[in-house]
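Computed from a predicted model, the values in this text were never measured in an experiment.
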Amino acid sequence: GWNMPWEFGSLIEMLMENVDGAENVIFSTHCQNDLGLATANSLSGALNGARQLECTINGIGERAGNASLEEICMALALKGDEQFKGGPGSGKLYTGVNPVHISPTSKMVSEYTGMACQPHKAIVGANAFKHESGIHQDGMIKNKATYEIMTPESIGLMRGDTQSGAGIVLGKHSGRNAIGTRLKELGYDLDLEKLNAVFARFKEVAEKKKGGLEDEDLEALVMDQSGLTNQLWQVTGLQVATGMSGIPTATVKMRGPDGVERYVAATGTGPVDAVYKAIDQIIGVSVQLEDYSMNSVTEGIEALACTRVVLSPVVGGPNDNNPLISKERKFSGSGSDTDIVIASARAYTSAINKLLKWTMKRRQSEEGEETSDGSAGDAVPVAASEPVAVSS
């Protein structure tokens with residue numbers, strides 16, 4: 001357990017050369033993992049003549065464990081005919097193990113013993129064939145052999161089409177190429193502007209959410225950003241205080257079309273109501289909340305919340321700095337975040353942005369009609385010389 005690989009290999013070599021009748025017996029290794037060298041020592045023993053390597057599934061064993069069966073098997077499967085030449089025998093080492101049973105057997109042992117594998121365990125760890133780094137994901141999308149010396153299918157792990165078929169884990173280190181590729185696989189062929197908007201939002205959420213984002217989370221972000229390109233107003237800061245004994249209060253900071261940030265504090269019946277009243281005051285609109293719904297995109301405490309609101313304008317309301325035109329039309333908005341209050345604020349802002357854009361287009365259309373209405377049609381007067389009186 002405490003030998004270096006070259007020490008252990010020399011020991012096997014010395015025994016093979018100096019023990020009478022050594023050629024008629026099988027030398028066996030049984031290496032402990034005190035220094036994390038059990039697999040390396042076992043392979044060194046095999047290189048120098050040992051033909052029986054004692055090992056265990058997942059490397060379980062006394063103290064720090066034993067040599068790992070899956071590591072030894074795959075090392076010999078990949079390097080047995082290249083790196084083990086020159087030793088006793090044919091020079092090509094192999095095992096009788098069918099590697100496609102490695103992953104199922106590893107899971108079975110973990111289940112029966114209650115000893116879970118560490119996620120970064122070689123060959124059978126949960127992260128062994130997953131890629132979160134942006135440069136890794138780009139390489140895997142182009143060619144899986146860039147970072148994987150063996151396929152997960154070769155050890156019985158059927159990856160299929162999940163995670164882009166390349167173990168792509170969408171996390172905070174993921175790049176734009178990985179996000180765009182996965183969105184296309186999900187049926188979203190976004191233009192560059194929308195992709196950049198989704199990617200920017202993805203990075204914000206991924207910083208908060210551990211374990212990466214699922215496909216459902218990514219689809220929620222697409223919905224979240226669908227109406228936010230060239231947005232007029234954007235929530236840049238939000239803080240709420242609420243509880244059983246206090247009045248729910250929200251302080252909201254927003255950036256408007258002029259690029260100036262404004263903030264307002266407001267109270268309400270709850271934190272979301274307080275946030276909505278603050279937004280109304282900053283933007284200067286009066287609206288009626290017609291519908292509010294929220295659902296969890298995935299399971300767990302860190303699940304992404306997706307909020308949808310429907311609102312309609314109120315003519316003559318208390319915040320009519322931006323007079324609205326139609327009170328019959330309704331506008332919807334969606335927002336996603338791991339924080340339900342932020343998700344609610346994003347959905348509300350999205351709906352108001354749609355309302356303001358529609359109002360602007362409607363005004364422009366009506367102004368155009370007024371300009372073109374007249375007895376002279378659209379004719380433009382032309383400068384002329386002073387009239388001249390002519391005598392008959």
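- Cluster membership check: W6 shares its hydrophobic cluster with W2, using side-chain heavy-atom separations under 4.5 Å among Ile, Leu, Val, Met, Phe, Trp and Tyr.
- Residues K121 and S68 bring a donor and an acceptor atom of their side chains to less than 3.5 Å of each other.
- Around the CD atom of E62, the shell of radius 6.0 Å holds no more than 12 heavy atoms that belong to other residues, nucleotides or ligands.
- Between N58 and M115, the closest side-chain pair of non-hydrogen atoms is not below 4.5 Å.
- Counting heavy-atom neighbours within 6.0 Å of L11 CG, excluding the residue itself, gives a total above 12.
- Under a 3.5 Å cut-off, the side chain of Y348 and the backbone N or O of L289 do not form any donor-acceptor pair.
- V109 and V124 fall into different hydrophobic clusters, where Ile, Leu, Val, Met, Phe, Trp and Tyr are joined by side-chain heavy atoms under 4.5 Å apart, directly or via other members.
- Counting non-hydrogen atoms of other residues, nucleotides and ligands closer than 6.0 Å to CG of L35 gives a total above 12.
- Annotation: the span from I179 atom CD1 to K203 atom NZ amounts to 8.0 Å, rounded to 0.5 Å.
- When all heavy atoms are compared, the tightest approach of S28 to E54 is OG-OE2, 3.3 Å.
- Taking each heavy atom of I247 and T249 in turn, the nearest pair found is O-OG1, 2.9 Å.
- Residues E71 and L43 have side chains not in contact (no heavy-atom distance under 4.5 Å, counting atoms from C-beta outward).
- At a threshold of 4.5 Å between non-hydrogen side-chain atoms, the residues K357 and L232 count as touching.
- When all heavy atoms of P104 and G156 are compared, the pair lying nearest together is CD-O, 4.2 Å.
- With values rounded to the nearest 0.5 angstrom, L238 atom CG is found 15.0 Å from Y263 atom OH.
- Counting heavy atoms from C-beta outward, M254 and R262 have side chains that stay 4.5 Å or more apart.
- At least one side-chain heavy atom of D280 sits less than 4.5 Å from a side-chain heavy atom of V285.
- Atoms OG1 and CG, from T105 and L69 in turn, are 8.5 Å apart once rounded to the nearest 0.5 Å.
- Under a hydrophobic clustering in which Ile, Leu, Val, Met, Phe, Trp and Tyr are joined whenever their side-chain heavy atoms come within less than 4.5 Å, directly or via other members, V310 and F331 fall into different clusters.
- In plain terms, the two heavy atoms of I72 and C55 that are nearest each other are CD1-CB, 4.0 Å.
- When all heavy atoms of R176 and L195 are compared, the closest pair comes out as CG-CD2, 4.1 Å.
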Given the rule in the side-chain contact (heavy atoms from CB on, under 4.5 Å) test, do M294 and I340 qualify, once you have shown the distances and angles that lead to the verdict? CA-CA 8 Å; M294 176 181 292; I340 61 175; 3.5 Å; yes
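- Between the side chain of S350 and the backbone N or O of R346, no donor-acceptor pair lies under 3.5 Å.
- R51 places a side-chain N or O within 3.5 Å of a backbone atom of A46 that can act as its donor or acceptor partner.
- With a 4.5 Å cut-off on side-chain heavy atoms, I352 and W233 do not count as touching.
- Proximity of a side-chain donor or acceptor of S106 to a complementary backbone N or O of I102 within less than 3.5 Å is not detected.
- Formation of a donor-acceptor pair under 3.5 Å by the S42 side chain with backbone atoms of A38 is found in this model.
- To the nearest 0.5 Å, the span separating OG on S44 from CD on E13 amounts to 9.5 Å.
- In this structure, Q234 and N353 have side chains that are not in contact, with every pair of non-hydrogen atoms separated by 4.5 Å or more.
- Enclosure of atom NZ in K107 is not indicated, since only 12 or fewer non-hydrogen atoms of other residues, nucleotides or ligands lie within 6.0 angstrom.
- Counting non-hydrogen atoms of neighbouring residues, nucleotides and ligands closer than 6.0 angstrom, the CG atom of N24 exceeds 12 such neighbours.
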What do the steps show when you test N66 against H30 for side-chain contact (heavy atoms from CB on, under 4.5 Å), and what is the final call? CA-CA 8 Å; N66 297 89; H30 181 95; 3.4 Å; yes
Yes or no on side-chain contact (heavy atoms from CB on, under 4.5 Å) for Y94 and L76, after CA distance, side-chain angles and deciding distance? CA-CA 6 Å; Y94 61 94; L76 292 177; 6.0 Å; no
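- V252 and V272 fall within a single hydrophobic cluster, where Ile, Leu, Val, Met, Phe, Trp and Tyr side chains are chained together by heavy-atom contacts under 4.5 Å.
- In this structure, M4 is not a member of the same hydrophobic cluster as L47, with clusters built from ILVMFWY side-chain heavy atoms closer than 4.5 Å.
- When all heavy atoms of I279 and A345 are compared, the closest pair comes out as CD1-O, 4.2 Å.
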Could you walk me through whether V275 and V235 pass side-chain contact (heavy atoms from CB on, under 4.5 Å), step by step? CA-CA 11 Å; V275 168; V235 177; over 6 Å; no
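- Side-chain atoms of F8 and L37, non-hydrogen and from C-beta on, never get closer than 4.5 Å to each other.
- Considering CG of L311 and OG of S286, their distance stands at 11.5 Å, rounded to 0.5 Å.
- Listed for the N41 side chain is a donor-acceptor partner under 3.5 Å among the backbone atoms of N3.
- A donor-acceptor contact closer than 3.5 angstrom is absent between the side chains of R308 and N295.
- Enclosure of atom CD in Q118 by more than 12 non-hydrogen atoms of other residues, nucleotides or ligands within 6.0 angstrom is indicated.
- I12 CD1 to E7 CD: the interatomic distance, rounded to the nearest 0.5 Å, is 13.0 Å.
- S293 contributes no side-chain N or O that, together with a main-chain N or O of D291, makes up a donor-acceptor pair within less than 3.5 Å.
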